[in-house]
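Here's the structure, in structure tokens; my notes come after.
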Amino acid sequence: MNLEAALALLASPAPPSLAARVDAATGLADLQLVVDGPTGPLRVAFGQAGASLVAPAVTASPDDEHQFAEAFAARYPQRRLHRAPPGTPLPRALLSALSGGKTPRCDLSSCTPFQRAVLEKAAQIPRGQVRSYGWVAREVGHHGATRAVGTALGRNPVPVLVPCHRVVRTDGHIGNYALGPDAKRRLLAAEGVDLDELARLAASGARFTGVTTTGVFCLPTCHHVRRSTPAHRVMFPSAQLAADAGYRPCLSCRPAPVSTA
């Protein structure tokens, strides 16, 4: 190869797949893939800091990828987004999370400190259980900020992976969800949540479950309740009434504190 040909080769742009891999390896960009999720196809962006953006993939729409790229750019203006080169696997932790595993490492750098605290708390809710917006607000030190919690969850950049679908209204009803209420129901049902029972409890005003064999009261989906038999459960509309009846709060699900005055 003569000098002129060598210089021309050096000046030629790298193949797109190589450029994408280099950018991703150096933290300058994230990669995106369309994968099968528990509620249908999902478009997932991921990089060195973990999963950075998740949205439903409307594969029939030519504008879908462009809209996803715009949303990514708005959140991460200093990084690029590339299509993952052919054959690129989704990181094992993300694949496991989409199949019901634990929450993987996620990039929440685009969130405010409050939003991050809310999402990190949501990530701690066990699979198959639900908590209320009020519970999350209390856990993050902002008692009463239920509306702000709902807004933070609605802006979750990585739904499904950070399980904000496990947060329901304080009155027990399912409530809204970034991917829609139907998706929320499907996700909870797949985790073993009895949606009919939740609806029944919400309609009856029952908020807490006392277990007679342990003397503890819990949130209705707590694993301690699910291990008990219906004959050993007592329902209460408030934590105070449960405490007045001699039950103490569960240390696992941490139902609302009660007054001891």
Side-chain angles (χ1 to χ4, degrees), residues 20 24 29-76 79 81-111 115-116 118-131 150 152-168 174-195 198 221:
D30 286 14
L31 301 177
Q32 63 157 313
L33 278 173
V34 174
V35 299
D36 290 329
T39 59
L42 294 173
R43 197 175 294 276
V44 181
F46 58 95
Q48 287 189 336
S52 52
L53 194 64
V54 173
V58 186
T59 54
S61 170
D63 296 328
D64 180 57
E65 185 174 358
H66 177 69
Q67 292 170 355
F68 186 80
E70 286 187 333
F72 180 90
R75 281 188 173 272
Y76 311 100
R79 300 208 302 267
L81 181 66
H82 294 299
R83 285 185 187 175
T88 301
L90 192 69
R92 184 175 300 176
L94 300 187
L95 190 62
S96 174
L98 291 172
S99 301
K102 66 179 183 179
T103 299
R105 189 161 61 102
C106 294
D107 183 356
L108 301 179
S109 61
S110 66
C111 300
Q115 290 170 341
R116 189 178 306 177
V118 167
L119 294 176
E120 288 173 349
K121 182 56 61 175
Q124 297 173 17
I125 301 172
R127 176 180 170 83
Q129 299 187 35
V130 298
R131 302 288 186 267
L153 294 171
R155 295 175 179 172
N156 179 7
V158 283
V160 181
L161 299 179
V162 170
C164 54
H165 59 274
R166 295 175 191 162
V167 185
V168 301
I174 292 297
N176 294 322
Y177 181 51
L179 303 186
D182 288 342
K184 186 172 189 175
R185 290 179 177 278
R186 292 201 301 274
L187 286 166
L188 290 174
E191 294 181 0
V193 176
D194 187 338
L195 297 175
L198 281 187
T221 58

Kindly say whether [Y] contributes a backbone atom to a donor-acceptor pair with the side chain of [X] at under 3.5 angstrom?
X: Thr221; Y: Val130; result: yes
X: Asn156; Y: Ala178; result: no
X: Tyr76; Y: Leu53; result: no
X: Arg79; Y: Phe72; result: no
X: Lys102; Y: Ser96; result: no

Subject >> Pairs satisfying salt bridge (Lys or Arg N to Asp or Glu O under 4.0 Å), at least one member in residues 159-168, at least two apart >> reply: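 Salt bridge (Lys or Arg N to Asp or Glu O under 4.0 Å) check on residues 159-168 returns Arg166-Glu191.
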Taking all non-hydrogen atoms of both residues, which atom of [X] and which atom of [Y] are closest, and how far apart?
X: Tyr177; Y: Cys164; result: CE1-SG, 3.6 Å
X: Leu108; Y: Pro157; result: CD2-CG, 4.1 Å
X: Ala183; Y: Leu179; result: CB-O, 3.6 Å
X: Leu81; Y: Ala69; result: CD2-CA, 3.9 Å
X: Val34; Y: Ala57; result: CG1-CB, 3.8 Å
X: Ser52; Y: Asp30; result: OG-OD2, 2.7 Å

Distance (rounded to the nearest 0.5 Å) between [X] [atom1] and [Y] [atom2]:
X: Leu94; Y: Cys106; atom1: CG; atom2: SG; result: 7.0 Å
X: Glu120; Y: Gln124; atom1: CD; atom2: CD; result: 8.0 Å
X: Gln129; Y: Leu188; atom1: CD; atom2: CG; result: 11.5 Å
X: Cys111; Y: Arg75; atom1: SG; atom2: CZ; result: 5.5 Å

Original post:
Which side-chain hydrogen bond (donor to acceptor under 3.5 Å, both in side chains) pairs, counting each pair once, include a residue from residues 32-46, with sequence neighbours left out?
Top reply: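 Checked against side-chain hydrogen bond (donor to acceptor under 3.5 Å, both in side chains) - neighbours excluded - the pairs reaching residues 32-46 are Gln32-Arg43, Gln32-Glu65, Arg43-Asp64.
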Original post:
Between Leu90 and Leu98, is a side-chain contact (heavy atoms from CB on, under 4.5 Å) present by the stated rule, with each step listed?
Top reply: CA-CA 10 Å; Leu90 192 69; Leu98 291 172; 3.7 Å; yes
Check whether any side-chain heavy atom of [X] sits under 4.5 Å from a side-chain heavy atom of [Y], and report yes or no.
X: Pro181; Y: Ile174; answer: no
X: Ser110; Y: Arg116; answer: no
X: Leu161; Y: Pro104; answer: yes

**OP:** Count the heavy atoms of every other residue, nucleotide or ligand shown that sit under 6.0 Å from CZ of Arg155, and state whether that count exceeds 12.
**Re:**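 Not buried by this count: 12 neighbours or fewer within 6.0 Å.
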**OP:** Evaluate the criterion side-chain contact (heavy atoms from CB on, under 4.5 Å) for residue pair Leu119 and Leu153; output intermediate values, then yes/no.
**Re:** CA-CA 7 Å; Leu119 294 176; Leu153 294 171; 4.1 Å; yes
**OP:** Take Val44 and Leu33, measure what side-chain contact (heavy atoms from CB on, under 4.5 Å) needs, and give me the verdict at the end.
**Re:** CA-CA 5 Å; Val44 181; Leu33 278 173; 5.5 Å; no
Original post:
Run the side-chain contact (heavy atoms from CB on, under 4.5 Å) check on Val58 and Gln67 step by step: do they pass?
Top reply: CA-CA 10 Å; Val58 186; Gln67 292 170 355; over 6 Å; no
